[in-house]
Protein chains: 2
Amino acid sequence: MTKSRTDSTEHVISHVRELIARGELRPGDRLPAERDLALQLSVSRPTIRAGLRALSAMGVIQSRHGSGTFIPDGPPTLGSEPLRFLAALHGFSREEMYEARRVLEVSSAGLAADRATAEHVAAIAEEVASLFASIDDPQEFLVHDIRFHRAVAAASGNQILASLVEMVSALYYERRRETATRATDRNLRDAADLHRSIYQCIRSHDGERARTLMNQHLLHSAAYQAEEEHPRSQAPAAAKNSRKRRT
Amino acid sequence: MTKSRTDSTEHVISHVRELIARGELRPGDRLPAERDLALQLSVSRPTIRAGLRALSAMGVIQSRHGSGTFIPDGPPTLGSEPLRFLAALHGFSREEMYEARRVLEVSSAGLAADRATAEHVAAIAEEVASLFASIDDPQEFLVHDIRFHRAVAAASGNQILASLVEMVSALYYERRRETATRATDRNLRDAADLHRSIYQCIRSHDGERARTLMNQHLLHSAAYQAEEEHPRSQAPAAAKNSRKRRT
DNA sequence: CACCCTCAAGTGGATTGTCCAATAATTGAC
DNA sequence: GTCAATTATTGGACAATCCACTTGAGGGTG
């Protein structure tokens with residue numbers, strides 16, 4: 001069986017895929033060294049490096065200079081970079097992003113209310129506390145805002161959903177951090193209150209209300225941000241109309 | 001400004017990112033040749049290749065041997081490979097996948113009913129017709145099933161949602177195609193009928209009913225598949241109970 | 001004119017060998 | 001035992017070269 005000259009890099013990727021599929025590589029494990037992999041697979045080291053770089057771009061591995069190449073520990077994460085490229089190429093709007101967040105996060109909040117363990121609840125509570133502590137620092141508030149939403153998604157008990165929420169929220173974070181300082185104390189305080197209300201619904205396992213409040217929060221958030229970008233005397237009324245349309 | 005020895009490959013990636021951000025690279029465009037890029041960025045060609053391979057893994061570029069490297073045309077697509085690796089590493093269950101699909105696709109169906117153009121409707125109708133034509137070929141049926149769901153997501157008018165649906169449905173397809181032949185004519189016919197009903201709701205802009213039927217379809221699909229894997233005399237009853245719990 | 005073939009140029013795919021930079025492990029001194 | 005220096009191992013990258021594929025230009029034929 002002669003080795004096809006093409007797809008050597010793809011062979012590297014599929015070799016790692018098979019190791020994972022066979023359970024021979026798990027989160028936290030270290031891959032063989034590049035030189036060893038090159039010997040094992042009978043390809044050159046630059047080819048190994050190209051394959052590993054592809055896997056790194058997919059978030060499957062992380063290489064550490066001088067140490068080795070590892071499968072990351074921790075929850076499954078897709079990262080935001082692929083979605084970022086897509087957004088740049090295809091012009092994803094802020095409205096699309098908020099809508100996608102609503103689709104994912106309203107359901108995640110409902111599931112979190114059904115399934116959250118005490119640990120999940122504690123993690124969410126911690127972010128709520130941090131939100132209130134950050135009202136005078138919009139960048140810090142944004143970080144805890146993102147963490148809150150990820151904690152809620154983790155509490156949904158669905159790893160795929162949590163990965164999707166993480167990916168979309170990371171895209172939101174990349175965009176929002178450029179304008180986060182525009183947020184007023186008033187709207188951060190309102191948002192912190194809503195986060196707390198969502199937390200309380202999750203804690204008390206009230207799924208329907210968790211969904212309602214998460215939806216409300218994301219609609220508010222979208223409206224506040226729209227107002228930041230186009231300040232008008234009619235903006236408050238527009239926000240209210242937006243809510244009626246959804247109910 | 002001396003060039004850091006590390007992160008040359010990352011520099012390749014960010015260079016392409018900036019070209020895209022500045023609108024200098026759009027879908028359908030061709031990147032400079034590897035040799036030219038190496039000169040422009042003052043890095044070696046294997047470094048360019050590693051960077052391009054990473055971009056390729058993210059679906060941002062496609063290289064064609066002898067032709068060049070291109071930004072793909074067509075709708076934004078995340079591909080299934082990253083999610084596949086995550087699934088293999090973290091053990092995503094079939095239930096998680098169906099639930100994630102319900103979160104994404106029930107809302108997408110509702111939005112499609114609100115927003116579908118005549119072209120969207122025609123594309124969905126075509127897949128419905130193909131579903132009925134494939135009832136005696138489960139693999140072909142599966143292909144059109146997937147296409148139906150993507151067409152519905154495209155009709156949602158939200159590119160992010162459509163990309164997420166495409167990604168999760170691709171994961172579903174990879175898994176399902178191994179067992180697709182287990183489907184009976186009976187359950188394929190039932191599914192085709194449900195697809196058609198969903199299509200009709202989208203065509204007539206009945207968002208609420210589109211949501212209900214999409215949810216029902218995915219729950220049915222999950223139940224049929226569970227029955228395929230664990231045939232029991234109680235299975236039909238279990239499927240009914242599952243429906244009641246969701247209503 | 002259209003079509004086909006050949007060839008050269010340009011492209012991606014990959015190798016070999018070498019060097020650099022960071023980290024981990026080992027060794028020796030106290 | 002601790003700590004510092006040294007060595008080994010690792011990832012990061014380079015330069016030069018060759019292979020395989022595609023494209024386009026030019027020439028020949030009907």
Side-chain angles (χ1 to χ4, degrees), chain A residues 1-17 19-20 24-25 27-73 79 81, chain B residues 1-17 19-20 24-25 27-73 79 81:
Chain A
M1 177 60 77
T2 60
K3 186 189 65 166
S4 164
R5 185 63 193 272
T6 61
D7 289 332
S8 293
T9 305
E10 187 58 40
H11 182 40
V12 176
I13 295 168
S14 58
H15 176 71
V16 173
R17 186 189 299 121
L19 290 178
I20 289 168
E24 292 181 38
L25 273 181
D29 284 357
R30 182 178 174 285
L31 268 69
E34 292 178 356
R35 289 170 179 90
D36 293 339
L37 276 176
L39 286 175
Q40 288 167 26
L41 299 186
S42 304
V43 297
S44 69
R45 194 148 80 86
T47 298
I48 293 286
R49 298 181 54 72
L52 293 184
R53 199 73 202 209
L55 289 164
S56 180
M58 291 192 266
V60 175
I61 61 166
Q62 279 174 352
S63 296
R64 293 203 280 280
H65 193 167
S67 302
T69 298
F70 301 84
I71 308 281
D73 249 328
E81 193 149 30
Chain B
M1 176 61 79
T2 61
K3 184 189 66 167
S4 163
R5 185 64 194 270
T6 60
D7 289 331
S8 294
T9 306
E10 187 58 39
H11 183 40
V12 175
I13 295 169
S14 59
H15 176 72
V16 173
R17 185 189 298 122
L19 289 177
I20 289 167
E24 292 179 36
L25 273 181
D29 285 356
R30 183 178 172 285
L31 267 71
E34 291 179 357
R35 289 170 178 88
D36 294 338
L37 275 175
L39 287 175
Q40 287 166 28
L41 299 187
S42 305
V43 298
S44 68
R45 195 148 80 86
T47 300
I48 294 286
R49 299 182 53 70
L52 293 184
R53 197 74 201 206
L55 289 165
S56 179
M58 291 191 266
V60 176
I61 61 165
Q62 278 173 353
S63 296
R64 293 203 282 277
H65 193 165
S67 301
T69 299
F70 301 86
I71 307 278
D73 250 326
E81 191 147 32

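Throughout, a chain's letter reflects where its sequence line sits, starting with A, and its residues are numbered from 1. Note that the coordinates shown come from a computational prediction; the quantities given were computed from them, not determined experimentally.
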Watson-Crick or G-U stems involving DNA chain C, each at least 3 pairs long, distances under 3.5 Å, ordered by first number: C:1-30 with D:1-30
What is the separation between atom [atom1] on [X] and atom [atom2] on [N], rounded to the nearest whole Å?
X: A/His11; N: C/dG13; atom1: NE2; atom2: C1'; value: 15 Å
X: A/Leu37; N: D/dT9; atom1: CG; atom2: C1'; value: 15 Å
X: B/Leu39; N: D/dA16; atom1: CG; atom2: P; value: 12 Å
X: A/Phe70; N: D/dT9; atom1: CZ; atom2: P; value: 16 Å
X: B/Asp7; N: C/dA21; atom1: CG; atom2: P; value: 14 Å
X: B/Arg53; N: D/dG12; atom1: CZ; atom2: P; value: 18 Å
X: B/Ile48; N: D/dA15; atom1: CD1; atom2: P; value: 12 Å

Any donor-acceptor N/O pair, B/Thr47 side chain to B/Val43 backbone, under 3.5 Å: no
Short side-chain N/O contact to D/dA13 OP1/OP2 from B/Ser8, under 4.0 Å: yes
Phosphate-side-chain proximity, A/Thr47 and C/dA14, N/O vs OP1/OP2 below 4.0 Å: no
Of all the heavy-atom pairs spanning [X] and [Y], show the shortest one and how long it is.
X: B/Leu31; Y: B/Leu52; value: CD2-CD2, 4.0 Å
X: B/Ile61; Y: B/Pro72; value: CA-CD, 4.0 Å
X: B/His11; Y: B/Leu41; value: NE2-CD2, 4.1 Å
X: B/Pro32; Y: B/Leu37; value: O-CD1, 3.8 Å
X: A/Ile13; Y: A/Ala54; value: CD1-CB, 3.8 Å
X: B/Gly51; Y: B/Val12; value: CA-CG1, 4.1 Å

N/O contacts under 3.5 Å, protein versus nucleotides 5-12 of chain C?
from: C/dG10; atom 1: N2; to: B/Gly66; atom 2: O; distance (Å): 3.3
from: C/dG12; atom 1: OP2; to: B/Glu34; atom 2: N; distance (Å): 2.9
from: C/dG12; atom 1: O4'; to: B/Gly66; atom 2: N; distance (Å): 3.3
from: C/dG12; atom 1: N7; to: B/Arg35; atom 2: NH1; distance (Å): 3.1
from: C/dG12; atom 1: O6; to: B/Arg35; atom 2: NH2; distance (Å): 3.0
from: C/dG12; atom 1: N2; to: B/His65; atom 2: NE2; distance (Å): 3.2
from: C/dG12; atom 1: N3; to: B/His65; atom 2: NE2; distance (Å): 3.3

Of all pairs that satisfy salt bridge (Lys or Arg N to Asp or Glu O under 4.0 Å), the ones with a partner from residues 38-51 of chain B, not counting sequence neighbours: B/Glu34-B/Arg45, B/Glu34-B/Arg49
Heavy-atom check, side chain of B/Arg53 versus side chain of A/Glu10, under 4.5 Å: yes
